[in-house]
Amino acid sequence: MSDTVTEPAVPADRDDSAGIELIGVSKRFPGQDTPAVDDVTLSIPGGRIVVLLGPSGSGKTTTMRLINRLIEPTAGKITVAGRDALGLDPGELRRRIGYVIQDAGLFPHMTVATNIGLVPQMLKWDKKRIAARVDELLELVDLPPAAFRDRYPRELSGGQQQRVGVARALAADPPVMLMDEPFGALDPITRELLQDSLLRLQEELGKTIVFVTHDIDEALKIGDRIAILDKGSRVAQYGTPQEILLNPADEYVARFIGGGQAMRLLKFGRVGDVALRAVPEAGPGDDAAHVRERIANGDTSFAIVLDAGRRPLRWITLDDLAGASGPIGERGSGTAPPIRARDTLQQALESLIQIDHEWVPVVGPRGVYQGTVTLGTLQQALRDMRARAAGETVAHEAGEAR
Ligand SMILES: Nc1ncnc2c1ncn2[C@@H]1O[C@H](COP(=O)(O)OP(=O)(O)O)[C@@H](O)[C@H]1O
Ligand SMILES: [Mg+2]
């Protein structure tokens, strides 16, 4: 096995311009002794899901409502997609920011279609365009339009209402979504289903999502990054799920995340965060001699053939290329179904154990190839993580003993 690895893959097609910056933001409600939000500075990258995780009363909802200006800050600066949020018309700002709350907040006297079409209607889209958009969004959130568009909210389950809430927030295709404990009132099974739907949706849409929860497992599952908040929205730690699991910044964070670290790494660690194996790449139009040379210069005996959209097609070995000249065309043999960068380490292990291929390509949004993984890669990644975690625990205990 070679030691060649690539850096953890970062999807290149995210809209990094749609980030949110909070700079020294405070909110003190009239009559409050301590501010609900106290001098918070946080940089939320575009196209990612950032989770605000903290106990009840820590200021999560207030922080969200400062971003869409349902609440005005007493101090500080907020930019959304590079523009000064406080300088924009609040109505205009809110049309660029989808907002989903715990009880979906649907209007009970309006049909599903009317609820979803509210913002497009405000934007004066014509009827046909709104109807088409409503159906498109219902499909997107897995509610068949014919069955759902004319129903009223009371005729839907909690999970279905929440899906409609998400569709409504997405109606005018805002670059930013704020989701305040959106699945908090749902039973555990429905909740998991909606979490999975959201992750699938996000893989397609690449929105900037700020997601509030007080549930650590939900945060680990959903978040690209997690901000762990203490009172006044003080940011106790801001990092990837893996960083936070392996390296809690202080006692407060350690207490908040609790035990079961090894299982959580497996359950929530993502394939995309693992250093993937690099393999020589080729396209069907590449010349056989060049591909042979690329393989000879690498440390595997094969290359991966990608289509024009960089989606994996086949493995091609030196044997497949023996005596060949001109374009490699359809030589080689098909890869196993790719593992998604979004998959957890546990899901990846399950597929690797079940399939008959040692090497499996890893793909990101739109099936774009990001690197290759083997059982050995995952084993090594888990071993490294555990070693790092153990090293840190020892250091921590040594520190405490002193
Ligand atoms: N409109 C308000 N007026 C006065 N105090 C408020 C108001 N909204 C929230 N608070 C207070 O601000 C603090 C943070 O609340 P909130 O942002 O709702 O926290 P979280 O969403 O994390 O539970 C709490 O102490 C809460 O009581
Ligand atoms: Mg709240």
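Both counts, for ligands and for their atoms, begin at 1 and track the order of listing.
- Distance check on atom 16 (P) of ligand 1: some protein heavy atom falls below the 4.0 Å cut-off.
- Atom CD of Gln32 sits in a crowded spot, with more than 12 heavy atoms from other residues, nucleotides or ligands closer than 6.0 Å.
- Looking at Glu136 and Arg129, no side-chain N of the basic residue comes within less than 4.0 Å of a carboxylate O on the acidic one, giving no salt bridge.
- Regarding atom 23 (O) of ligand 1, its nearest protein heavy-atom neighbour is Gly57 N, 2.7 Å.
- Atoms of ligand 1 found under 4.0 Å from any heavy atom of Pro55 (numbered from 1 in listed order, with element): 22 (O).
- When Asp180, Thr61, Leu66 are checked for heavy-atom proximity to atom 18 (O) of ligand 1, Thr61 turns out nearest.
- Within the 4.0 Å heavy-atom cutoff, Gly54 does not count among the residues contacting ligand 1.
- With a 4.5 Å cut-off on side-chain heavy atoms, Arg96 and Pro175 count as touching.
- With Phe148 as the aromatic partner, Arg151 meets the cation-pi criteria of under 6.0 angstrom to the ring centre and within 45 degrees of the ring axis.
- Here's the thing with Ala36: none of its N/O atoms is less than 3.5 angstrom from an N/O atom of ligand 1.
- Nearest to atom 26 (C) of ligand 1 among the protein's heavy atoms is Gln32 NE2, 4.3 Å.
- Not one N, O or S atom of Met64 sits under 2.8 Å from the Mg ion (ligand 2).
- In this structure, the protein non-hydrogen atom closest to atom 19 (O) of ligand 1 is Gly59 N, 3.1 Å.
- Counting non-hydrogen atoms of neighbouring residues, nucleotides and ligands closer than 6.0 angstrom, the CZ atom of Phe29 exceeds 12 such neighbours.
- Other residues, nucleotides and ligands place more than 12 heavy atoms under 6.0 Å from the CD1 atom of Ile353.
- For the pair Asp38 and Arg28, the salt-bridge criterion is not met [side-chain N within less than 4.0 Å of a carboxylate O].
- Summary of contacts: the protein heavy atom closest to atom 10 (N) of ligand 1 is Phe29 CE1, 3.5 Å.
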